[in-house]
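On a predicted model such as this, the values are computed, not experimentally measured, just so you know. In what follows, chains are A, B, ... by sequence order, proteins preceding strands, each numbered from 1.
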Amino acid sequence: MRLFSTRVLATVALACLSLSVSPAAAAPAGPQNAAQMTIDFLTRDDADLRAIGLERVRYGLKGQEFTLPLAGLLPKLAPARQLELTAALSDRGDRAALPAVLSLLQSSSDAAVRATAIQAVGALGGAPEVAVLAKSLASAEPEKSAARRALAVVRGAEATALIAAAAKQGDADLRSTLIDILADRRAVAALPDLAAATVADDATVRTAAMRALARFGGPDQIAGMVQGVLKAAAGGEREDAERALVAVCTQNPRHEQSAAIFLEQFKSADDTTRETLLPALGRVGGAGAIAIVEGLIADTDAAKRNLGLTALTKWPDATVSERLLDLLSKAQDPNERELLLGSLIRIAPLPDNKLNNQQKLELLQKTMTLCTRDDDRRRVLERANAIRLIETLRFVMPYLDDPNLAEPACLSVVELAHHRSLRDANKDEFTKALDKVLATTKNEELVDRANRYKQGQTWERKKPAGS
Amino acid sequence: MAYDSASLDKPLETLKAFDWGGDIAAFEPIDAAVIAVHADPAARADLEKRLASLLTAGTSRAAKEYVCRKLSMIGTAASVPTLAALLPDTDNSHMARFALERINAAEAGAALRQALGTVQGDLKIGMISSLAGRGDTACVPQLAALLGGDSRTAVAAADALGRLHTSEAVQALAAASNVSDKAAAAAIVDARLACAESLLQQGKRSEATAIYQSLATAAAADTSPAGKSIRLAANRGILACLDTTTPS
């Protein structure tokens, strides 16, 4: 196959000659020849040669005087080549290529080329290009996704302001997408706008605003987010809004300050508002919240007591475990018992709670003694395997003899055995336990896993579908 | 911790009979001494002398390996004769080279060059590798003479010349580019590309271009995959040489 054109060989020969004879005089000619050679390579059918040319487009031939002829090649190429060169010009990062890329976006009938051009406009452009990119959000795929990515990276505070302005009006789906883009940009300047959007008329916009604030909101947005929770329709939207508020109060930077502001907002609210905010208050937890919740639990009004109990059962850590045990031991109402028991089972093995592994296991064992139904016992056994102690194995083992609880107990034994350091440190005990699992379980996957662990092998957990 | 020569008597005696898999805890005082003598020339000379004295008959191979590792850290010209004596020894040659490659004394390079002219086969390839590892440009004429020799040695010599990339190395590789042995020819191409890359990095664009151009011309009619690879590499290099807008 012919790899060199006569023109290129002549160019190279000339360049070599001039470089060896007179390096000083060759300096301006060298890059010009390199540009010519690069353009020649970019038009070849040979992918390897094109790759060499594209490498030079990306990382070499510095300066606008080279960007312009390289970008000028775009209209002369076939779509597949246009795509390659556009991506390389995008990586090159010289804004001088922008007019050629915009022109390609306007003129190309190939969707993949237009999508690549949109991405390049995002990389090379700024505020003046926001309008064209926002317009592309209404296109079909792959342009729509490309426009979303491009708007997330397009440079400048002015661009952010334009995106924020566009997010205030128009179609709800478009507003929601633009709000997500503002979150991707971590657009701090747009936080007041996002807080305002939490009470928009459209649920899609409200949800997007709460989702965005959950990612990077702080204390200054709590008041707006509280309004967002109150405005959200009961059910899924309310739950999502609560989670967003809780994320800002428990995870984001300055979350303690955010939680304190939320508590103040709660205290100053009327009864109806408090009722709506109470589940979120429970999820945030903390010393200030417990006093409010205890006050409600002590109330003679059954509805208020129930609200307090519900909030307590949503607590994010095990600091309320003793209180839950106390309440459970005194509870007469079956619904109340179920609520409290479910909470204890959930809280005990939480990885980020305030207890060490031994304390977690003791709490779970106490909870087990309070269970009166096999369904609850099953849940306790299933949660137990999160506590990686040999004592957990010993706690679980007797339940293998109970026909109603044998399968969850087998699962926990196998899950504990999954952790090599725990298994190897207690090899004999685990071997006996796995033998008993093999003799008991009807679950083929557990049989396979038990056999593997006995032989010192690993087992790869299947990823959930869609992940 | 101060250096105490007397405290090494027992560990050094134990070391003589050491075998791989044995308890190395007994040699911790020696390891500590290697660190302790770092800024004490007199102590360092004493320790070096005592260690080098173990590189004799009657000391196990594992012990010699241990000693060579320590001499690679504290050795000077004083250890070179003892280490050089091991270079023709099949069992101990590679560990002697390990030390000599790292000892910062011209005598170490001279000893390796001397051995290069006398040993054969794998040992010779080892000398070539160590000389390249030292960056010993004085060995270039010896390496150049090996390019037309047996295949494995020629490959090693070409690789070493590519690593040394002096103008003499560049010339020697160019002069040998028509060797008939395929493996050696391929190694020479690789070495020339390495030289060109290095020259380009040093800003010597015209010298690098000459190599790339020569390789491209030589491979112009070669339709094999290797020929294409050479042309592509040369092309890429030529382009980089021409592009003076980009730091090399």
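- Within 6.0 Å of the NE2 atom in A/H419, the count of heavy atoms belonging to other residues, nucleotides or ligands exceeds 12.
- Going from atom CG of B/L239 over to atom CG of A/L49 covers 10.0 Å, rounded to the nearest 0.5 Å.
- Few gaps surround CZ on B/R134; more than 12 heavy atoms of other groups in view lie less than 6.0 Å from it.
- Considering CZ of B/R231 and CG of A/D48, their distance stands at 11.0 Å, rounded to 0.5 Å.
- Atom-to-atom distance recorded for B/D243:CG and A/M37:CE is 11.0 Å, nearest 0.5 angstrom.
- Annotation: B/I24, atom CD1; neighbour count of heavy atoms from other residues, nucleotides and ligands within 6.0 Å does not exceed 12.
- Within the 4.5 Å cutoff, no side-chain heavy atoms of A/L61 are placed close to those of B/T246.
- Within a 6.0 Å radius of CD in B/Q114, other residues, nucleotides and ligands contribute 12 heavy atoms or fewer.
- Counted within 6.0 Å of CG on B/D91, heavy atoms from surrounding residues, nucleotides or ligands total more than 12; the atom is thus considered enclosed.
- The structure places OG1 of B/T245 at 8.0 Å from CD of A/E65, a figure rounded to the nearest 0.5 Å.
- Side-chain contact between B/K228 and A/D46: present, with at least one pair of heavy atoms (C-beta onward) separated by less than 4.5 Å.
- The two residues B/T244 and A/P31 have their closest heavy-atom pair at OG1-CG, 3.1 Å.
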